[in-house]
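To start, the structure itself, in structure tokens.
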Amino acid sequence: MSEALPNELGRVMVASGAGDYPVIVGPGTTAGLPGLLLSLAGGRRVAMITDSQVGPLYAAALAATCRAESLDVEVFQFEAGEASKTRKTWATLTDQMLEAGMSRDTVVVAVGGGVSTDLAGFVAATFLRGVPVVQVPTSYLAMIDASVGGKTGVDVQAGKNLVGAFHPPLAVVVDTTLLETLPVAERAQGLVEALKHGAIRDESYFDALIDDLGALLMAEPIRAAEVVLSSVRIKAEIVGEDERESGVRQILNFGHTIGHAAEAASSYGLGHGAAVAMGMKGEAAVGEALGITQAGTRRRLDDALAPLLNVAGEDPRWIASTLDVDS
């Protein structure tokens, strides 16, 4: 699949035991989605899974564009929000697909943020023992992190993402113009994951993100695409070393142990980025106390993350009181 998509700025190949796949990034790449689907999964029916917010904004138009190219597309929509990332929603979607006559000649196309990419990926992994999926992320969080790496799943009472599967996509199509309708507070939440990538792997990238936060929060399409490509390269390098999370890939969970607990404690009222930010700071503080993290790391994270937390409208004192730790 060497042919470039319209407006493609760059692509990253992610290694996978099931077959390497591209993450294709640029402002307007979704214009090439029908051709990509015909190339990768020609002859297959398309089950487009989205949520109630993104569906009217983007999925309906994408489905119409695909139909105009003779693709057989049906849209399946669920209620937006983390509260829908459950086995119940997974069951509803799979039942709806079966009722619509979807079979093993189906390709799932996920259109939305991290909830949609995780949930639709899990539907694809389990539907008739597995059908292909193409990810079309619409938020910074999904573009930078959730749609890449093949981890899919749902939340359960015991915790977040505890039921799922590794199911790498056929491709990830990142169109940074889709960030235009994403609220600025949600852009800030997603950029926390980009800072995490810099913190664990690339100090110069970390510093560049701090310098460019203004343009990134405004979702300037070219700069956003450059940052997505940088973050995806970091994640692809790590996933390529350890696809099944048995070793080095665990560094991608920096901030998530505390962060997932905080999200659950707030009944998912606390944003994912804010929770991970607090987790990173807490884990850095523990690391410094144990002498295994460079002194000053916690303070540096504080300074970098504070603008994003302010834009996201999250109060760091909430998690401090919830977890009974210093903010």
Side-chain angles (χ1 to χ4, degrees), residues 14 16-18 21 47-52 54 76-99 102 104 106-137 139 141-142 144-170 172 189 193 235 238-239 242-247 249-273 275-276 279:
V14 183
S16 168
Y21 60 91
M48 189 170 287
I49 296 180
T50 189
D51 69 30
S52 56
V54 174
F76 300 89
Q77 186 170 290
F78 63 91
E79 189 66 28
E82 188 76 31
S84 290
K85 205 173 95 173
T86 63
R87 285 174 291 193
K88 181 177 180 181
T89 308
W90 163 82
T92 298
L93 289 168
T94 52
D95 285 347
Q96 289 174 346
M97 288 169 61
L98 289 168
E99 289 166 6
M102 295 284 173
R104 291 193 60 79
T106 298
V107 59
V108 171
V109 176
V111 182
V115 171
S116 294
T117 57
D118 279 0
L119 180 58
F122 187 45
V123 169
T126 52
F127 187 73
L128 298 176
R129 297 185 177 88
V131 296
V133 62
V134 172
Q135 300 280 11
V136 183
S139 69
L141 174 62
I144 288 168
D145 189 64
S147 66
V148 179
K151 287 171 68 175
T152 72
V154 295
D155 306 333
V156 295
Q157 188 172 359
K160 186 170 178 177
N161 297 327
L162 294 184
V163 173
F166 287 96
H167 191 62
L170 289 177
V172 181
Q189 298 274 2
E193 290 281 0
K235 185 165 186 180
I238 295 169
V239 170
D242 176 24
E243 183 179 10
R244 295 284 173 155
E245 204 172 40
S246 58
R249 183 170 177 169
Q250 294 176 42
I251 66 172
L252 290 170
N253 291 326
F254 179 41
H256 286 63
T257 300
I258 293 174
H260 283 173
E263 287 180 274
S266 71
S267 298
Y268 299 102
L270 182 68
H272 177 74
V276 170

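Start at 1 with the first residue, then count along the sequence. All values derive from a computational prediction rather than experimental measurement. These numbers come from the heavy atoms of this one structure, side chains and all, not from hydrogens, waters or symmetry mates.
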Pairing residues for [X] by the side chain to side chain donor-acceptor pair (under 3.5 Å) criterion, not counting sequence neighbours:
| X | value |
| --- | --- |
| S16 | E243 |
| Q189 | E314 |
| S246 | D242 |
| T89 | T86 |

Does a side-chain heavy-atom distance below 4.5 Å link [X] with [Y]?
| X | Y | value |
| --- | --- | --- |
| V239 | V148 | no |
| N161 | D118 | yes |
| V134 | P169 | no |

Is [X] reaching over with its side chain to a backbone N or O of [Y], donor-acceptor style, under 3.5 angstrom?
| X | Y | answer |
| --- | --- | --- |
| S147 | A142 | yes |
| K235 | D145 | yes |
| R244 | F166 | no |

*Kindly state each residue pair satisfying salt bridge (Lys or Arg N to Asp or Glu O under 4.0 Å) with at least one member in residues 128-137, sequence neighbours excluded.*
none

*asked:* Applying salt bridge (Lys or Arg N to Asp or Glu O under 4.0 Å) as the test, list every pair that has at least one member in residues 149-158; sequence neighbours left out.
replied: K85-D155, K151-E245

*Pairing residues for H256 by the ring pair (Phe, Tyr, Trp, His ring centres under 6.0 Å) criterion, not counting sequence neighbours*: H260, H272

*Partners of F122 by ring pair (Phe, Tyr, Trp, His ring centres under 6.0 Å), sequence neighbours excluded?*
W90

Straight-line distance of [X] [atom1] to [Y] [atom2], nearest 0.5 Å:
| X | Y | atom1 | atom2 | result |
| --- | --- | --- | --- | --- |
| Q135 | T152 | CD | OG1 | 9.0 Å |
| S267 | E82 | OG | CD | 11.5 Å |
| L128 | M97 | CG | CE | 7.5 Å |
| Q96 | I49 | CD | CD1 | 9.0 Å |
| T94 | F76 | OG1 | CZ | 10.5 Å |

According to side chain to side chain contact (heavy atoms under 4.5 Å, CB included), who are the partners of [X], at least two apart in sequence or on a separate chain?
| X | answer |
| --- | --- |
| S52 | Q77, E79, A80 |
| S116 | D51, F78 |
| I251 | I200, R201, I238, V248 |
| V131 | V108, A124, F127 |

*Where is the tightest heavy-atom contact between G112 and T117, given as atom of each residue plus distance?*
O-CG2, 3.9 Å

*Closest approach of A120 and A110, non-hydrogen atoms and distance?*
CB-CB, 3.4 Å

